[in-house]
Amino acid sequence: MIHPTAIIDKGAVLGKKVKIGPYANIEDGTEILDVTEIGQGCIIKKGTKIGCSCKIYEYASIGNPPQDINYKGEEINVQIGNGNIIKEFVTIHGGKGSDTIIGDNNFLM
């Protein structure tokens, strides 16, 4: 179920039974696996992979560049495992020179 106001780029890969809320923005080069819910206003950036059965609440921002003044536009990847709960307004940035990896069954506030 995808809300009609959500923006999903052509190159995004969505699994089965993925729910995407109003005004969410899912960029090219992302992958969201089965039974995951993306809340209203979430931003999921290129290079992000989200596992199965995750719930991401309103206005979370995932996959932005690292907060490092030495970052020069290198490729970034964020990998989020299965069964994670990511509450509203959480930000998860890519790492400088390495992937950001979150395992399974975590609760982030």
Side-chain angles (χ1 to χ4, degrees):
M1 185 164 114
I2 298 171
H3 194 276
T5 61
I7 299 169
I8 302 171
D9 290 345
K10 291 180 201 175
V13 176
L14 303 180
K16 298 174 186 171
K17 298 183 181 179
V18 168
K19 293 181 182 178
I20 299 180
Y23 305 104
N25 188 337
I26 313 297
E27 288 189 354
D28 228 5
T30 60
E31 186 174 359
I32 302 171
L33 299 182
D34 301 345
V35 197
T36 288
E37 295 181 37
I38 307 295
Q40 176 176 325
C42 289
I43 307 292
I44 312 295
K45 305 292 269 182
K46 179 179 180 177
T48 300
K49 180 176 180 180
I50 301 171
C52 297
S53 302
C54 293
K55 181 157 174 107
I56 301 174
Y57 285 80
E58 296 80 11
Y59 303 103
S61 179
I62 301 175
N64 276 306
Q67 294 179 324
D68 182 336
I69 60 172
N70 295 314
Y71 174 71
K72 304 292 184 217
E74 301 88 349
E75 181 179 317
I76 25 179
N77 294 294
V78 174
Q79 299 174 35
I80 297 173
N82 302 316
N84 289 294
I85 297 171
I86 299 172
K87 294 298 283 183
E88 56 278 346
F89 296 100
V90 167
T91 60
I92 300 171
H93 294 268
K96 186 177 181 310
S98 64
D99 294 351
T100 296
I101 300 171
I102 296 173
D104 297 335
N105 303 312
N106 294 289
F107 185 80
L108 284 74
M109 299 186 293

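Rounded to the nearest 0.5 Å, atoms CZ (Phe107) and CD1 (Ile86) are 11.0 Å apart. Here NZ of Lys96 is found 10.5 Å from CD1 of Ile69. Values are rounded to the nearest 0.5 Å. Here the CE-CD distance, from Met1 to Glu37, works out to 9.0 Å after rounding to the nearest 0.5 Å. Rounded to the nearest 0.5 Å, atoms CG (Leu108) and CG (Asn84) are 7.0 Å apart. Here CG of Leu33 is found 11.0 Å from CD1 of Ile80. Values are rounded to the nearest 0.5 Å. Atom CE in Met109 sits 9.0 Å away from atom NZ in Lys87 (nearest 0.5 Å).
In terms of hydrophobic clustering, with Ile, Leu, Val, Met, Phe, Trp and Tyr side chains grouped at heavy-atom distances under 4.5 Å, Ile76 and Ile43 are assigned to different clusters.
Nearest heavy-atom pair across Ala60 and Ile56 is CB-CG2, 3.6 Å. Residues Thr100 and His93 come closest through the heavy atom pair OG1-O, 2.7 Å. Pro66 and Gly95 make their closest contact through CG-C, 4.0 Å (heavy atoms, listed as atom of the first residue, atom of the second, distance). Across all their heavy atoms, Ala24 and Gly39 have their closest contact at CB-O, 3.8 Å. Between Tyr59 and Cys42, the shortest heavy-atom distance links the atoms N-SG, 3.8 Å. Closest approach of Ile62 and Val78 over heavy atoms only: CG2-CG1, 4.0 Å.
Surrounding NZ of Lys17 are at most 12 heavy atoms belonging to other residues, nucleotides or ligands under 6.0 Å away.
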_side-chain contact (heavy atoms from CB on, under 4.5 Å) between Ile85 and Tyr57, worked out_ = CA-CA 8 Å; Ile85 297 171; Tyr57 285 80; 3.8 Å; yes
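Using a distance-only test at 3.5 Å, with no hydrogens or angles considered, a donor-acceptor pair links the side chain of Asp34 to the main chain of Lys16. Judged by distance alone, the side chain of Thr36 and the main-chain N or O of Cys54 form a donor-acceptor pair under 3.5 Å. Side-chain atoms of Glu27 never come within 3.5 Å of backbone atoms of Asn25 as a donor-acceptor pair (strictly under, hydrogens ignored). Between the side chain of Asn82 and the main chain of Gly51, no donor-acceptor pair closer than 3.5 Å is present. Judged by distance alone, the side chain of Asp28 and the main-chain N or O of Asp9 form no donor-acceptor pair under 3.5 Å. With hydrogens and angles disregarded, no donor-acceptor distance shorter than 3.5 Å links the side chain of Asp99 to the backbone of Ile101.
Side-chain atoms of Ser53 and Val35, non-hydrogen and from C-beta on, do get closer than 4.5 Å to each other.
Screening Ile8, Ile20, Ile26 for a side-chain contact (heavy atoms from CB on, under 4.5 Å) involving Ile44 leaves a single residue, Ile26. Partner of Ile50 under the side-chain contact (heavy atoms from CB on, under 4.5 Å) criterion, chosen from Thr30, Ile38, Ile102: Ile38.
For the 3.5 Å distance criterion, the side chains of Asn77 and Gln79 fail to qualify, holding no donor opposite an acceptor.
Aromatic ring pairs are classed by plane angle as parallel below 30°, tilted from 30° to 60° and perpendicular above 60°; the pair His3 and Tyr23 is tilted.
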